[in-house]
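Convention: sequence-line order gives letters A, B, ...; per-chain numbering from 1. As a basis for the values below, the full set of heavy atoms in this structure was taken, side chains included, without hydrogen atoms, waters or symmetry mates.
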There are 2 protein chains.
Amino acid sequence: MSKLSGGAAASRIPEATVARLPVYLRALNSLADAGTTTCSSEHLAGAAGVNSAKLRKDLSHLGSYGTRGVGYDVEYLRYQIAREIGQTHDWPVVIVGIGNLGHALANYSGFSSRGFRTVALLDADPARTGQVVAGTEIRPFGDLAGIVSEHGVAIGVIAAPASAAQDVADAMVAAGIRSILNFAPAVLAVPEEVDVRKVDLSIELQILAYHEQRKSGLDGAEAI
Amino acid sequence: MSKLSGGAAASRIPEATVARLPVYLRALNSLADAGTTTCSSEHLAGAAGVNSAKLRKDLSHLGSYGTRGVGYDVEYLRYQIAREIGQTHDWPVVIVGIGNLGHALANYSGFSSRGFRTVALLDADPARTGQVVAGTEIRPFGDLAGIVSEHGVAIGVIAAPASAAQDVADAMVAAGIRSILNFAPAVLAVPEEVDVRKVDLSIELQILAYHEQRKSGLDGAEAI
DNA sequence: TAGATTGTTAATCGATTAACAATC
DNA sequence: TAGATTGTTAATCGATTAACAATC
């Protein structure tokens, strides 16, 4: 096996590292905005909220983009991470279920600024179709397959109620979508080649409550 | 060291387990709603989207709530998990920043059904104060400390813009809040006794895009 | 008793961390 | 050269998984 091309990542990057790369990228953007051109691992780690050993270990999976004794060039490292996580691409996205949350997601600027382009908003409720949200008209759910093939949509966002989530996922998979971000509090059954990530707002709150209970000594698990 | 009282959890539960307990609870609620009174670890694991070995290992940290050869009593296990993660308590919550996302959170039924009670919505923008969202009037950010002490608020939710997030966190900490759910894309500096969990909508999408890029062979990391 | 299923053990795997040799 | 900082090593820690003894 020969060497990889110019500093390219060797095979596989650990999941934990992948999850932190967007955080580093955001921190680098802040540094660049502040006019910083070079930073040490210590500096960048501080801005990202991790320790420097972890940061250097994570970056080592991508390649050697720093200079010993000097640090990292902000602009160069930023580009390398952006390329690695696909932020140099344009990602057409559809959002299904335009209730309160779908509404918020459609308006969320953090998507468009990272290469995600919302090509359509869909809702199964006829009362909602035709409404304009974030400058885009809501279309009927049945239009999904056509929109996916027309725009080459690879990523779908489910903001529908839990009761509809599996149907939406099935339709997305049938339409050719292989990556799903699911905000519905439901476990989705999908073929193994489909990647599902779940964001559950109330679960995060429940995890906090668990720790809060421990801190407050309110838990019912004390010894007699 | 003597035995703990009736099946109470021994000391500490692993973080990974804590994060899954709300998922099990949700699955148990579904089973109960469907009229199921008893379930095996295999059955419950399927409903929760994990494998049964992991489920049994997780539950073993709480105590022995199953019956060998039989399975788990749905209602009993549900109560035990609810108690363990503090869902038998009432948790007063404040939400700060009532833009699109704050609006969606205020209307999210998944909070109230799990013991979280939104006692106030706050916003620094005078143009928003007085507006009624989800049946609650938006109040000025300056009211935070009074509301926290009045209602004994232990958990704060930040849905403000990133630029304001640290100020909001500082005010929450000063007011006595020790658990924060942060939706702003910002790294917060807080005293170590304060627990911060972060939900970042665009990071989840970026993780999906990374894997999608790999699947599609679009990544710039291939060998020459 | 025979069949079923839990709770636990032990092996494996992946993530974190500190320390430091390499090197700018 | 001396000082600084990366990239890597090796140790540690925590999570996952399969297998099975315990026991209903």
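- In this structure, CG of B:Leu77 is placed 11 Å from P of C:dT6, rounded to the nearest angstrom.
- C:dA10 is paired with D:dT17 under the criterion used here, namely a Watson-Crick or G-U wobble arrangement in which both key atom distances are under 3.5 Å.
- Closest to the side chain of B:Arg56, from the set D:dG7, D:dT16, C:dT6, is C:dT6.
- The separation between B:Lys54 atom NZ and C:dC13 atom C1' is 12 Å, rounded to whole Å.
- Of the residues near DNA chain C, A:Pro14 and B:Thr67, the one whose nearest nucleotide (by heavy atom distance) lies more toward the 5' end is B:Thr67.
- Atom P of nucleotide D:dA4 and atom OH of A:Tyr72 are separated by 18 Å, given to the nearest angstrom.
- Comparing A:Val70 and A:Thr17 by the nucleotide of DNA chain C that holds the closest heavy atom to each, the one mapping nearer the 5' end is A:Thr17.
- Residue B:Tyr210 forms a side chain to side chain donor-acceptor pair (under 3.5 Å) with just one option from B:Arg214, B:Gln206, B:Gln213, and that option is B:Arg214.
- In this structure, B:Leu59 atom CG and C:dT6 atom C1' are separated by 10 Å, rounded to whole Å.
- Taking atom CG on A:Asn51 and atom C1' on C:dA15, their separation rounds to 12 Å, with Å as the unit.
- Looking at A:Asp73, its side chain never comes within 3.5 Å of a backbone N or O of A:Leu77 through a donor-acceptor pair.
- Whole-Å rounding puts the A:His61 NE2 to D:dT8 C1' distance at 11 Å.
- Residue-level contact check: B:Ala16 touches the backbone only, with heavy atoms under 4.0 Å from sugar-phosphate atoms and none from bases.
- Rounded to whole Å, the distance from CG on B:Leu55 to C1' on D:dA18 is 15 Å.
- Residue contacts shown for A:Glu15 are limited to sugar-phosphate atoms, with no base heavy atom under 4.0 Å away.
- In this structure, a donor-acceptor pair under 3.5 Å is present between the side chains of A:His211 and B:Glu15.
- Taking only distance into account, the side chain of B:Arg68 never meets the base of D:dT23 through a donor-acceptor pair shorter than 3.5 Å.
- Of the listed nucleotides (C:dT16, C:dA19, C:dT6), C:dT16 has the atom at the smallest distance from the side chain of A:Arg20.
- Both distances falling under 3.5 Å, in either a Watson-Crick or a G-U wobble arrangement, place D:dC24 opposite C:dG3.
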Exercise. How far apart are the C-alpha atoms of A:Tyr79 and A:Tyr76, what are their side-chain angles, what is the distance that settles it, and do they pass the ring-ring contact (aromatic ring centres under 6.0 Å, His included) test?
Worked result: CA-CA 5 Å; A:Tyr79 173 74; A:Tyr76 180 63; 7.8 Å; no
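- Distance B:Glu42 CD to C:dG7 P: 15 Å, rounded to the nearest Å.
- With distances taken from any side-chain atom of B:Lys57 to the nucleotides D:dT17, D:dA15, C:dA18, the minimum falls on D:dT17.
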Exercise. What do the steps show when you test A:Tyr108 against B:Asn100 for side-chain hydrogen bond (donor to acceptor under 3.5 Å, both in side chains), and what is the final call?
Worked result: CA-CA 8 Å; A:Tyr108 186 52; B:Asn100 281 298; over 6 Å; no
